[in-house]
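Working notes for the structure below.
Letters go in sequence order (proteins before strands), and every chain restarts at 1.
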Amino acid sequence: MSVLRDIGARDAAIQLRGVGKTFGSNTVLKGVDLDIERSERVCVIGPSGSGKSTLLRCMVFLETYDEGEIYVEGRLLGYSISDGTRKKDSEVQTANVRRNVGMVFQQFNLWPHMTALGNVIAALRIVKGMTRAEAEKIGREALETVGLAHKADAYPDRLSGGQQQRVAIARALAMNPSILLFDEPTSALDPELVGEVLEVMRQLASQGMTMVVVTHEMGFAAEVADRVIFMDGGSIVEAGPPQRLFSKPESPRLAQFLDTWKSRNASGSVSEITG
Amino acid sequence: MIDFTAIAEYAPAIGRGLLVTIEICAVSLVLGLLLGLGVALLARLPWLPLRWLIRSYIELWRGTPLLLQLFILYYGGPTFGFLPTSYQAGVLGMSLYTAAYLAEIFRAGFEAVPPGQVEAARMLGFTKLKIVRHIELPQMLRLVVPPTTNQMISIIKESAVLSVITVPELTLTTTRIVSETFVVVEPYLLLGLAYWSVTAMVAFGSRQIERRLVRA
């Protein structure tokens with residue numbers, strides 16, 4: 001059985017099997033099953049507290065999960081099973097399993113004591129042991145990709161929120177990931193800065209990057225996602241292509257969630273996501 | 001009214017006392033800094049007994065007077081077969097006292113680094129050690145310069161209690177001059193000036209370090 005599972009897993013980028021997670025007496029994930037295919041773009045939406053960020057963080061073991069299994073590129077994440085019991089992996093083992101996964105955070109999490117380029121090349125130098133010249137070449141290319149080559153020497157506190165998030169994306173890209181996870185990447189941004197970050201993400205999507213995006217940007221989800229996942233109460237309530245999900249929601253909870261969203265964004269954007 | 005010529009002949013003695021104070025403070029502060037940093041780093045290991053041990057050390061050394069700690073080392077040492085010179089007891093006592101305070105400052109400095117920055121590093125494959133070395137330590141050091149300076153200045157002033165265990169430092173030298181000459185005001189004014197000049201240098205140095213660390 002485990003052999004079959006491993007063979008199946010090799011095709012998918014990330015597989016979740018009955019993933020459950022509890023904080024004390026609060027169950028935040030209830031047996032989530034999900035397959036993220038290679039080059040698939042998945043947007044996860046849902047009300048706050050629905051478990052969508054926790055789900056994303058479990059996919060890279062920044063949060064531990066209590067039940068089920070998560071496979072990253074076919075390998076079990078965070079645990080090893082021996083004699084039928086499972087044991088938590090070391091940090092190094094876990095890092096190895098998720099080495100092709102990059103993460104972009106809501107709060108950017110740039111290191112303030114390094115320049116933009118310094119942030120981008122730090123892991124190349126420190127983790128991969130590249131020379132400064134090698135690392136800087138890759139780093140500058142990554143900054144170019146996000147349109148910030150001219151800000152290479154700027155410290156994060158001299159950059160706008162949108163620029164900081166683009167540097168954070170470049171930092172993830174420099175490690176050449178095959179999967180990129182985004183945890184509400186535009187939620188901490190002023191409205192006028194959201195566009196530039198979404199533009200970079202659109203570009204990555206068009207280049208075939210496997211992306212899982214937790215977001216409140218319905219327009220982006222409608223435009224870019226192959227599949228939208230609606231979560232509520234720690235479960236996936238509904239999933240499907242955005243056109244169907246946004247125009248013909250099956251579950252009352254998704255319908256209600258979309259109605260709330262539409263009434264808050266009344267001016268013109270309704271057609272944007274349903275059309 | 002104020003006449004420094006009365007104590008002019010004691011100038012070399014005061015100079016020697018000042019040198020002893022500077023030396024003992026420099027050695028103790030450097031040792032305390034290294035020990036405090038070591039303790040703060042060890043306290044980050046996920047090993048509870050070690051944490052409790054470190055916690056007890058910090059609480060004990062921070063919660064009792066330096067003078068008492070020096071008494072126990074210098075006068076109580078022989079009971080345990082430890083026979084330090086006053087100078088050795090002074091350096092040891094001051095170092096342990098300094099380290100306890102600085103470890104606490106460094107701990108707070110480490111905790112001020114946002115956890116998200118550590119998560120970002122973990123996601124890029126940094127090991128725990130590399131995170132400490134490249135992400136946490138540089139930021140922590142920057143944050144702790146002002147409180148560390150405060151603590152150092154405070155400890156330099158507290159070094160005056162070394163006179164009680166007969167370390168021939170500045171305060172002991174000066175009180176001896178006072179009792180020999182019966183001149184009171186001038187020696188004490190000079191004593192104040194001497195301490196202030198040492199602490200002012202430390203404060204100046206700290207501002208230079210801070211300026212260099214805070215870029216952009």
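By the 6.0 Å contact criterion, NZ on K130(B) is enclosed, its count of non-hydrogen atoms from other residues, nucleotides or ligands being greater than 12. Residue R99(A) qualifies as enclosed at atom CZ: its count of foreign heavy atoms under 6.0 Å is above 12. For CZ of R62(B), the number of neighbouring non-hydrogen atoms (other residues, nucleotides, ligands) closer than 6.0 Å is greater than 12. Other residues, nucleotides and ligands contribute only 12 or fewer heavy atoms inside 6.0 Å of the CD atom of E144(A).
Annotation: the span from E91(A) atom CD to L129(B) atom CG amounts to 12.5 Å, rounded to 0.5 Å.
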Donor-acceptor pairs under 3.5 angstrom involving side-chain atoms of residues 144-157 of chain B: please list them, not counting sequence neighbours.
residue	atom	partner	partner atom	Å
T148(B)	OG1	V144(B)	O	2.6
T149(B)	OG1	V145(B)	O	2.7
T149(B)	OG1	S206(B)	OG	2.7

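When all heavy atoms are compared, the tightest approach of P112(A) to Q139(B) is CG-OE1, 3.1 Å. Closest heavy-atom contact between M114(A) and I135(B): CE-CD1, 3.9 Å.
Within the 4.5 angstrom heavy-atom criterion, no atom of F108(A) approaches chain B. For R98(A), the part lying under 4.5 angstrom from a heavy atom of chain B is the side chain only. Both the backbone and the side chain of R171(A) come within contact range of chain B, judged by heavy atoms closer than 4.5 Å. In this structure, chain B has no heavy atom under 4.5 Å from any part of A174(A). Neither the backbone nor the side chain of Q107(A) comes within contact range of chain B; no heavy atoms are under 4.5 Å apart. Interface residue M175(A): only side-chain heavy atoms are found under 4.5 Å from chain B. Using a 4.5 Å cut-off between heavy atoms, L110(A) touches chain B through its backbone atoms (N, CA, C, O) alone.
Qualifying side chain to side chain donor-acceptor pair (under 3.5 Å) partners for E136(A), counting only residues two or more places apart in sequence or in other chains: R132(A). In terms of the side chain to side chain donor-acceptor pair (under 3.5 Å) criterion, residue partners of E134(A) (sequence neighbours excluded) are, by chain and number, T131(A).
Listed by sequence position, G116(B), Q117(B), E119(B), A120(B), A121(B), R122(B), M123(B), L124(B), G125(B) are the residues of residues 112-125 of chain B in contact with chain A, using a 4.5 angstrom heavy-atom cutoff.
Between the side chain of H134(B) and the main chain of A123(A), no donor-acceptor pair closer than 3.5 Å is present.
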